[in-house]
*Asks:* 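This structure is in structure tokens; I'll ask about it shortly.
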Number of protein chains: 2
Amino acid sequence: MTPKNQKAKAVSKVCCGTARDIPLSERDADELAAVFTALSDPVRLRLLSIISSAPEGEVCACDLVTPIGKSQPTVSHHLKILFEAGLVDREKRGVWVWYRAVPERMSAVASRLR
Amino acid sequence: MTPKNQKAKAVSKVCCGTARDIPLSERDADELAAVFTALSDPVRLRLLSIISSAPEGEVCACDLVTPIGKSQPTVSHHLKILFEAGLVDREKRGVWVWYRAVPERMSAVASRLR
DNA sequence: AGTAGATATTGACAACTATCGATATTCTAA
DNA sequence: TTAGAATATCGATAGTTGTCAATATCTACT
């Protein structure tokens, strides 16, 4: 356990202290990890960057396939993951689906990194 | 492409505008995604939470195995991933390895979420 | 109704990852 | 130098994930 008497970074012979409990609960860790998993793919990050920077605040899904350079099912799959993570919102209008960023969600996640 | 003339959110028959280029480059997306991948595991998040909240600013690896409840090789593996992502720093002192958080790295990542 | 276009779902496959037991490496102390 | 302890690496395995082709679903228009 915790090496004690680490004065001036000297090496002590005593090791390993009492186990404190973990600040982040298992449940919270699972939830947070889920969001980071949604952010852990370069294609999704690029999708997010397009959606977040849209001048009109929203982007049609049809405008995402070509620039991203992946198949339509793949883009649809990634958008679903971003949506389920709460990072984007969507609205169906006619045949098209419009995506918008959820900045509160992003800042909430960002704040968990201190 | 982009449906035009979306007055009052009406559905237009014109779709899909010109492809703008993507704000986030492929290279930047890859790098960012790598950090989020490091953050996408609950065990690593809990390790980070322990290390970040250490009163002395550092934690001995030997103090992480028992609370986390995983095998020593597994904890070592996760610590390596956190280290390689730049999220923690480490220093070997004698037989022990001491880990500390890298808050600048965390805020740098956090700021990429706006 | 019937057609055409946009998006979602399914199924399959390759690549990656978390995990552990066993083992190797590194360091201290006797 | 030998023993013992802390950490890292290796090898194997089960589970997850990104990708696409094929297909289904939904909507608008004729």
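Atom set for the values below is all heavy atoms of this structure, side chains included, hydrogens, waters and symmetry mates excluded. Just so it is clear: chains get the letters A, B, ... in the order the sequence lines come, proteins before strands, and each one is counted from 1.
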*Asks:* Measure the distance from NZ on B:Lys92 to P on D:dT7 and round it to the nearest whole Å.
*Replies:*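 To the nearest whole Å, that distance equals 9 Å.
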*Asks:* Nearest whole angstrom, please: distance from the P of D:dT17 to the NZ of A:Lys80.
*Replies:*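 Rounding to the nearest Å, NZ of A:Lys80 and P of D:dT17 are 13 Å apart.
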*Asks:* Spell out yes or no: do the side chain of B:Gln72 and the base of D:dA8 have one donor N/O and one acceptor N/O closer than 3.5 Å?
*Replies:* yes
*Asks:* Think B:Arg44 has a side-chain N or O under 4.0 angstrom from the OP1 or OP2 of C:dA18?
*Replies:*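 The answer is yes; a side-chain N or O of B:Arg44 sits under 4.0 Å from OP1 or OP2.
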*Asks:* Say you draw a straight line from CD1 of A:Ile50 to CG of A:Asp63; how long is it, rounded to the nearest 0.5 Å?
*Replies:*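 Reported value, rounded in 0.5 Å steps: 9.0 Å.
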*Asks:* How many whole angstroms separate atom CZ of A:Arg46 from atom P of D:dG18?
*Replies:* 16 Å
*Asks:* From the list C:dA18, D:dA8, D:dG18, which nucleotide is the closest neighbour of the side chain of B:Asp41?
*Replies:*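 From the listed options, C:dA18 comes nearest.
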*Asks:* Starting at atom NE2 of B:His77, determine the distance to atom C1' of D:dG11, rounded to an integer number of angstrom.
*Replies:*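 From B:His77 NE2 to D:dG11 C1': 13 Å.
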*Asks:* Just the rounded figure in Å: distance from C1' of D:dA8 to CG of B:Leu64.
*Replies:*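 Checked: the CG to C1' distance equals 15 Å.
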*Asks:* What's B:Val75 touching, base or sugar-phosphate or nothing? Going by heavy atoms closer than 4.0 Å.
*Replies:*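 Counting heavy atoms under 4.0 Å across all strands, no contact is made by B:Val75.
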*Asks:* For B:Phe36 and D:dT17, what is the distance between atoms CZ and P respectively, to the nearest whole Å?
*Replies:*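 Distance check: B:Phe36 CZ to D:dT17 P gives 17 Å.
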*Asks:* Between P on C:dA8 and CZ on A:Phe83, what's the gap in Å once rounded to a whole number?
*Replies:* 10 Å
*Asks:* Looking only at side chains, do A:Ser71 and A:Thr74 share a donor and an acceptor under 3.5 Å apart?
*Replies:*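 Present: a donor and an acceptor within the cut-off.
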*Asks:* What integer distance in Å separates B:Trp96:CH2 from D:dG4:P?
*Replies:*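 Rounded to whole Å, this separation is 17 Å.
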